Q: 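Got a structure here, written out as C-alpha coordinates. Questions coming.
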Amino acid sequence: MKTLLFSSLLLFSLSIKAQNIDSLTTLASNGNVEAQLSLLDYYMGQNNRAKAFEYLQAAAASNHAPSQHTMGVVSQQQGDSAAALKFLRASAGQDYLPAMHDLAVFYMNGWGVEPSMEEALKLFKEAADKGYADSQNNMGNIYTNGAGVEQDYVEAKRYYELASDQGLPLAQFNLGALYMEGKGVEKNMSKAVELFTLAGGQGHLESQKNLGVIYKLGMGVEVDLAKAQYWFGLAGKQGDQDAMKAFLELNKGGGQ
(Lines give C-alpha, C1' and ligand atoms only; values in the text may rest on other atoms or scores of the structure.)
Protein backbone atom coordinates (compact mmCIF):
# COMPACT_ATOMS: atom_id res chain seq x y z
CA MET A 1 0.00 0.00 0.00
CA LYS A 2 1.50 3.27 -1.08
CA THR A 3 1.95 6.04 1.44
CA LEU A 4 0.86 9.49 0.35
CA LEU A 5 2.40 12.67 1.61
CA PHE A 6 -0.20 14.95 3.08
CA SER A 7 0.68 17.62 0.55
CA SER A 8 -0.17 15.28 -2.32
CA LEU A 9 -3.80 15.35 -1.27
CA LEU A 10 -4.36 18.97 -1.97
CA LEU A 11 -6.69 19.82 -4.80
CA PHE A 12 -6.61 23.55 -4.19
CA SER A 13 -3.71 25.97 -4.32
CA LEU A 14 -4.63 28.97 -2.24
CA SER A 15 -2.06 31.53 -1.27
CA ILE A 16 -2.37 31.83 2.49
CA LYS A 17 -1.20 34.86 4.38
CA ALA A 18 -1.14 35.01 8.14
CA GLN A 19 -4.05 37.47 8.21
CA ASN A 20 -6.23 34.95 6.33
CA ILE A 21 -5.85 32.19 8.90
CA ASP A 22 -8.72 33.35 11.10
CA SER A 23 -11.19 33.48 8.23
CA LEU A 24 -10.02 30.13 6.88
CA THR A 25 -10.29 28.61 10.34
CA THR A 26 -13.89 29.81 10.59
CA LEU A 27 -14.71 28.35 7.18
CA ALA A 28 -12.97 25.09 8.05
CA SER A 29 -14.88 24.76 11.32
CA ASN A 30 -18.09 25.07 9.29
CA GLY A 31 -17.07 22.12 7.11
CA ASN A 32 -15.59 23.96 4.14
CA VAL A 33 -13.27 21.39 2.55
CA GLU A 34 -11.29 23.94 0.53
CA ALA A 35 -10.46 25.80 3.73
CA GLN A 36 -9.58 22.58 5.56
CA LEU A 37 -7.20 21.55 2.78
CA SER A 38 -5.69 25.01 2.59
CA LEU A 39 -5.00 24.98 6.34
CA LEU A 40 -3.59 21.48 6.04
CA ASP A 41 -1.19 22.79 3.42
CA TYR A 42 -0.36 25.85 5.51
CA TYR A 43 0.43 23.94 8.69
CA MET A 44 2.49 21.39 6.80
CA GLY A 45 4.50 24.32 5.48
CA GLN A 46 4.88 25.54 9.06
CA ASN A 47 6.10 22.05 10.04
CA ASN A 48 3.21 21.80 12.48
CA ARG A 49 2.23 18.22 11.76
CA ALA A 50 -0.18 17.94 14.68
CA LYS A 51 -2.23 20.87 13.42
CA ALA A 52 -2.00 19.63 9.83
CA PHE A 53 -3.28 16.22 10.92
CA GLU A 54 -6.21 17.92 12.64
CA TYR A 55 -7.28 19.39 9.29
CA LEU A 56 -6.65 16.13 7.48
CA GLN A 57 -9.09 14.51 9.90
CA ALA A 58 -11.55 17.35 9.35
CA ALA A 59 -11.37 16.95 5.55
CA ALA A 60 -11.93 13.21 5.89
CA ALA A 61 -14.94 13.87 8.13
CA SER A 62 -16.22 16.22 5.42
CA ASN A 63 -16.27 13.22 3.06
CA HIS A 64 -13.24 14.27 1.02
CA ALA A 65 -12.24 10.99 -0.62
CA PRO A 66 -8.46 11.59 -0.94
CA SER A 67 -8.30 12.62 2.74
CA GLN A 68 -10.27 9.53 3.74
CA HIS A 69 -7.81 7.43 1.78
CA THR A 70 -4.82 9.02 3.48
CA MET A 71 -6.46 8.58 6.89
CA GLY A 72 -6.78 4.90 5.99
CA VAL A 73 -3.08 4.70 5.17
CA VAL A 74 -2.13 6.54 8.37
CA SER A 75 -4.44 4.37 10.50
CA GLN A 76 -2.89 1.20 9.12
CA GLN A 77 0.60 2.55 9.78
CA GLN A 78 -0.50 3.16 13.36
CA GLY A 79 -1.69 -0.45 13.64
CA ASP A 80 -5.41 0.28 13.58
CA SER A 81 -6.73 -1.88 10.75
CA ALA A 82 -10.37 -1.38 11.80
CA ALA A 83 -10.12 2.39 11.41
CA ALA A 84 -8.12 1.97 8.20
CA LEU A 85 -10.85 -0.20 6.71
CA LYS A 86 -13.53 2.32 7.68
CA PHE A 87 -11.71 5.16 5.92
CA LEU A 88 -10.76 3.11 2.87
CA ARG A 89 -14.31 1.85 2.41
CA ALA A 90 -15.67 5.39 2.66
CA SER A 91 -13.17 6.61 0.07
CA ALA A 92 -13.61 3.62 -2.24
CA GLY A 93 -17.36 4.11 -2.01
CA GLN A 94 -16.80 7.41 -3.81
CA ASP A 95 -14.93 5.61 -6.61
CA TYR A 96 -11.57 6.96 -5.45
CA LEU A 97 -9.29 4.54 -7.28
CA PRO A 98 -6.28 4.54 -4.92
CA ALA A 99 -8.63 3.60 -2.08
CA MET A 100 -10.17 0.79 -4.13
CA HIS A 101 -6.68 -0.52 -4.79
CA ASP A 102 -5.59 -0.36 -1.17
CA LEU A 103 -8.84 -1.90 0.04
CA ALA A 104 -8.16 -4.79 -2.33
CA VAL A 105 -4.72 -5.17 -0.72
CA PHE A 106 -6.43 -5.43 2.68
CA TYR A 107 -8.69 -8.24 1.45
CA MET A 108 -5.80 -10.00 -0.25
CA ASN A 109 -3.67 -9.94 2.90
CA GLY A 110 -6.44 -10.28 5.48
CA TRP A 111 -5.57 -7.05 7.27
CA GLY A 112 -8.38 -6.53 9.77
CA VAL A 113 -10.76 -8.51 7.59
CA GLU A 114 -11.29 -12.11 6.54
CA PRO A 115 -8.98 -12.79 3.59
CA SER A 116 -10.92 -12.86 0.34
CA MET A 117 -9.17 -13.15 -3.01
CA GLU A 118 -12.59 -12.90 -4.64
CA GLU A 119 -13.23 -9.48 -3.07
CA ALA A 120 -9.66 -8.35 -3.77
CA LEU A 121 -9.94 -9.40 -7.41
CA LYS A 122 -13.23 -7.55 -7.81
CA LEU A 123 -11.74 -4.32 -6.44
CA PHE A 124 -8.47 -4.60 -8.36
CA LYS A 125 -10.36 -5.24 -11.58
CA GLU A 126 -12.74 -2.32 -11.08
CA ALA A 127 -9.86 0.08 -10.37
CA ALA A 128 -7.80 -1.37 -13.22
CA ASP A 129 -10.62 -1.10 -15.73
CA LYS A 130 -11.10 2.53 -14.66
CA GLY A 131 -7.45 3.21 -15.46
CA TYR A 132 -5.54 2.90 -12.17
CA ALA A 133 -2.04 1.77 -13.12
CA ASP A 134 -1.11 0.03 -9.85
CA SER A 135 -4.26 -2.09 -10.05
CA GLN A 136 -3.59 -2.87 -13.70
CA ASN A 137 -0.14 -4.11 -12.73
CA ASN A 138 -1.62 -6.19 -9.90
CA MET A 139 -4.12 -7.73 -12.31
CA GLY A 140 -1.16 -8.64 -14.49
CA ASN A 141 0.47 -10.31 -11.50
CA ILE A 142 -2.75 -12.13 -10.64
CA TYR A 143 -3.00 -13.64 -14.13
CA THR A 144 0.73 -14.37 -14.28
CA ASN A 145 0.58 -16.30 -11.01
CA GLY A 146 -2.90 -17.76 -11.40
CA ALA A 147 -3.92 -16.24 -8.05
CA GLY A 148 -7.66 -16.82 -7.74
CA VAL A 149 -7.99 -17.09 -11.52
CA GLU A 150 -6.77 -19.46 -14.20
CA GLN A 151 -3.21 -18.59 -15.21
CA ASP A 152 -3.36 -16.55 -18.39
CA TYR A 153 -0.21 -14.85 -19.71
CA VAL A 154 -2.10 -13.20 -22.57
CA GLU A 155 -4.43 -11.48 -20.13
CA ALA A 156 -1.45 -10.65 -17.91
CA LYS A 157 0.23 -8.99 -20.88
CA ARG A 158 -2.89 -6.94 -21.59
CA TYR A 159 -2.97 -5.51 -18.08
CA TYR A 160 0.79 -4.96 -17.91
CA GLU A 161 0.61 -3.04 -21.18
CA LEU A 162 -2.11 -0.77 -19.85
CA ALA A 163 -0.01 0.12 -16.80
CA SER A 164 3.23 0.28 -18.79
CA ASP A 165 1.69 2.77 -21.20
CA GLN A 166 1.03 4.99 -18.19
CA GLY A 167 4.73 4.86 -17.34
CA LEU A 168 4.56 2.57 -14.29
CA PRO A 169 8.09 1.14 -14.00
CA LEU A 170 7.06 -2.07 -12.23
CA ALA A 171 4.65 -2.86 -15.05
CA GLN A 172 7.32 -2.08 -17.64
CA PHE A 173 9.60 -4.54 -15.86
CA ASN A 174 6.90 -7.21 -15.65
CA LEU A 175 5.98 -6.79 -19.30
CA GLY A 176 9.66 -6.94 -20.21
CA ALA A 177 9.96 -10.22 -18.30
CA LEU A 178 7.13 -11.71 -20.39
CA TYR A 179 8.95 -10.73 -23.59
CA MET A 180 12.26 -12.05 -22.26
CA GLU A 181 10.70 -15.41 -21.33
CA GLY A 182 8.25 -15.65 -24.23
CA LYS A 183 5.18 -15.98 -22.02
CA GLY A 184 1.95 -14.83 -23.65
CA VAL A 185 4.02 -13.30 -26.45
CA GLU A 186 6.76 -14.39 -28.83
CA LYS A 187 10.14 -14.11 -27.17
CA ASN A 188 11.59 -10.71 -28.08
CA MET A 189 14.74 -9.58 -26.32
CA SER A 190 14.78 -6.24 -28.14
CA LYS A 191 11.36 -5.44 -26.72
CA ALA A 192 12.42 -6.69 -23.30
CA VAL A 193 15.48 -4.45 -23.33
CA GLU A 194 13.34 -1.49 -24.43
CA LEU A 195 10.98 -2.01 -21.50
CA PHE A 196 13.72 -2.67 -18.96
CA THR A 197 15.41 0.51 -20.13
CA LEU A 198 12.24 2.54 -19.58
CA ALA A 199 11.85 1.09 -16.08
CA GLY A 200 15.54 1.26 -15.23
CA GLY A 201 15.63 4.91 -16.27
CA GLN A 202 13.00 5.54 -13.59
CA GLY A 203 15.13 3.85 -10.97
CA HIS A 204 13.64 0.34 -11.00
CA LEU A 205 16.34 -1.79 -9.41
CA GLU A 206 15.60 -5.19 -10.95
CA SER A 207 15.40 -3.67 -14.43
CA GLN A 208 18.80 -2.05 -13.93
CA LYS A 209 20.29 -5.36 -12.80
CA ASN A 210 18.71 -7.21 -15.71
CA LEU A 211 20.17 -4.72 -18.17
CA GLY A 212 23.60 -5.14 -16.60
CA VAL A 213 23.44 -8.90 -17.12
CA ILE A 214 21.94 -8.61 -20.61
CA TYR A 215 24.68 -6.28 -21.85
CA LYS A 216 27.43 -8.18 -20.06
CA LEU A 217 26.45 -11.53 -21.59
CA GLY A 218 25.07 -10.30 -24.88
CA MET A 219 21.61 -11.76 -24.36
CA GLY A 220 19.88 -10.83 -27.63
CA VAL A 221 22.07 -7.74 -27.96
CA GLU A 222 25.70 -7.06 -28.73
CA VAL A 223 27.98 -7.42 -25.73
CA ASP A 224 28.50 -3.90 -24.37
CA LEU A 225 30.48 -3.85 -21.16
CA ALA A 226 30.28 -0.07 -20.86
CA LYS A 227 26.48 -0.25 -20.80
CA ALA A 228 26.62 -3.22 -18.45
CA GLN A 229 28.82 -1.22 -16.09
CA TYR A 230 26.49 1.75 -16.32
CA TRP A 231 23.41 -0.24 -15.31
CA PHE A 232 25.21 -2.22 -12.63
CA GLY A 233 26.49 1.08 -11.27
CA LEU A 234 22.99 2.54 -11.00
CA ALA A 235 21.75 -0.56 -9.23
CA GLY A 236 24.78 -0.55 -6.94
CA LYS A 237 24.06 3.02 -5.91
CA GLN A 238 20.72 1.76 -4.60
CA GLY A 239 22.56 -0.57 -2.26
CA ASP A 240 22.43 -3.82 -4.24
CA GLN A 241 25.62 -5.63 -3.30
CA ASP A 242 25.62 -8.07 -6.23
CA ALA A 243 25.27 -5.21 -8.69
CA MET A 244 28.04 -3.24 -6.99
CA LYS A 245 30.30 -6.29 -7.12
CA ALA A 246 29.61 -6.70 -10.85
CA PHE A 247 30.25 -2.99 -11.37
CA LEU A 248 33.59 -3.15 -9.58
CA GLU A 249 34.64 -6.23 -11.52
CA LEU A 250 33.89 -4.50 -14.82
CA ASN A 251 35.60 -1.34 -13.59
CA LYS A 252 38.68 -3.36 -12.71
CA GLY A 253 38.69 -4.74 -16.20
CA GLY A 254 38.27 -1.30 -17.70
CA GLY A 255 34.69 -1.92 -18.74
CA GLN A 256 35.88 -3.11 -22.12
Side-chain angles (χ1 to χ4, degrees), residues 1-14 24-139 141-142 147-149 159 163 166 168 170:
M1 194 163 85
K2 299 201 313 187
T3 301
L4 298 182
L5 295 175
F6 290 152
S7 58
S8 70
L9 289 172
L10 302 181
L11 302 182
F12 307 96
S13 179
L14 299 181
L24 282 171
T25 300
T26 299
L27 287 170
S29 67
N30 289 326
N32 185 291
V33 176
E34 292 185 31
Q36 291 163 348
L37 295 174
S38 296
L39 288 168
L40 165 58
D41 191 29
Y42 172 77
Y43 284 113
M44 283 297 291
Q46 297 293 310
N47 202 29
N48 187 339
R49 298 183 67 85
K51 200 70 176 174
F53 186 67
E54 176 184 323
Y55 286 105
L56 173 65
Q57 290 176 303
S62 295
N63 212 31
H64 182 248
S67 297
Q68 291 170 331
H69 172 239
T70 298
M71 282 300 301
V73 173
V74 171
S75 297
Q76 180 65 8
Q77 290 174 338
Q78 293 174 342
D80 190 345
S81 294
L85 280 166
K86 181 190 74 172
F87 284 116
L88 290 177
R89 283 172 173 153
S91 183
Q94 299 186 66
D95 287 338
Y96 189 61
L97 301 185
M100 283 186 190
H101 175 87
D102 287 351
L103 187 56
V105 173
F106 270 61
Y107 277 107
M108 187 169 63
N109 292 298
W111 292 342
V113 69
E114 190 71 24
S116 173
M117 196 60 205
E118 180 181 358
E119 191 65 26
L121 183 59
K122 183 176 77 173
L123 287 161
F124 280 138
K125 186 177 188 308
E126 183 175 358
D129 291 347
K130 289 180 177 179
Y132 193 60
D134 285 339
S135 292
Q136 291 167 343
N137 180 68
N138 274 19
M139 287 298 297
N141 290 339
I142 285 167
V149 298
Y159 276 111
Q166 295 194 63
L168 188 69
L170 186 54

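Computed over heavy atoms, backbone and side chain alike; hydrogens, waters and symmetry mates excluded. Small disclaimer: the values here were computed from a predicted structure and weren't measured. Each residue takes its place number in the sequence, starting with 1.
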Q: Assess the residue pair F53 and V74 against the criterion (side chain to side chain contact (heavy atoms under 4.5 Å, CB included)); give the C-alpha distance rounded to whole Å, side-chain angles, the decisive distance to 0.1 Å, and a yes or no.
A: CA-CA 10 Å; F53 186 67; V74 171; 4.0 Å; yes
Q: Strictly distance-based, threshold 3.5 Å: is any side-chain N or O of T70 a donor or acceptor partner for the main-chain N or O of S67?
A: no
Q: Roughly how far apart are E54 CD and L40 CG, rounded to 0.5 Å?
A: 11.0 Å
Q: Are F124 and H101, when compared by the centres of their aromatic rings, separated by less than 6.0 Å?
A: yes
Q: Mind listing the closest non-hydrogen atom pair of A127 and S135 along with its distance?
A: CB-OG, 3.3 Å
Q: Apply salt bridge (charged side-chain N to carboxylate O under 4.0 Å, His left out) to E118 and K122, showing your working.
A: CA-CA 6 Å; E118 180 181 358; K122 183 176 77 173; over 6 Å; no
Q: Let me confirm one number: the CG-CG distance from L170 to N137, rounded to the nearest 0.5 Å.
A: 4.5 Å
Q: Apply the test side chain to side chain contact (heavy atoms under 4.5 Å, CB included) to residues M117 and I142: give CA-CA distance (whole Å), side-chain angles for both, the deciding distance (0.1 Å), then the verdict.
A: CA-CA 10 Å; M117 196 60 205; I142 285 167; 3.7 Å; yes
Q: Supply the atom-to-atom distance L39 CG to K51 NZ, rounded to the nearest 0.5 angstrom.
A: 8.5 Å
Q: Applying side chain to side chain donor-acceptor pair (under 3.5 Å), can you list everything that pairs with N48, at least two apart in sequence or on another chain?
A: none
Q: At their closest point, which heavy atom of Y107 faces which heavy atom of E114, and how far apart are they?
A: CD2-O, 4.0 Å
Q: If you measure from CG on L88 to CD on Q76, what distance do you get to the nearest 0.5 Å?
A: 8.5 Å
Q: Where do M71 and A60 come nearest, in terms of heavy atoms and distance?
A: CG-CB, 3.8 Å
Q: Specify the closest pair of heavy atoms between L121 and V149, including all atoms of both residues, with the distance to one decimal.
A: CD2-CG1, 3.4 Å
Q: At their closest point, which heavy atom of A65 faces which heavy atom of S91, and how far apart are they?
A: O-OG, 2.8 Å
Q: With sequence neighbours excluded, tell me which residues meet side chain to side chain donor-acceptor pair (under 3.5 Å) with N63.
A: Q68, Q94
Q: Using 0.5 Å steps for rounding, measure from the CG atom of L24 to the CG atom of D41.
A: 11.0 Å
Q: Test L27 against Q36 for side chain to side chain contact (heavy atoms under 4.5 Å, CB included), laying out the working first.
A: CA-CA 8 Å; L27 287 170; Q36 291 163 348; over 6 Å; no
Q: Would you kindly say whether D129 and Y159 are connected by a side-chain donor-acceptor distance under 3.5 Å?
A: yes
Q: Just how far is it from atom OG of S29 to atom OH of Y55, taken to the nearest 0.5 Å?
A: 7.5 Å
Q: Which atom pair, heavy atoms only, marks the closest approach of A99 to H69?
A: CA-CD2, 3.6 Å
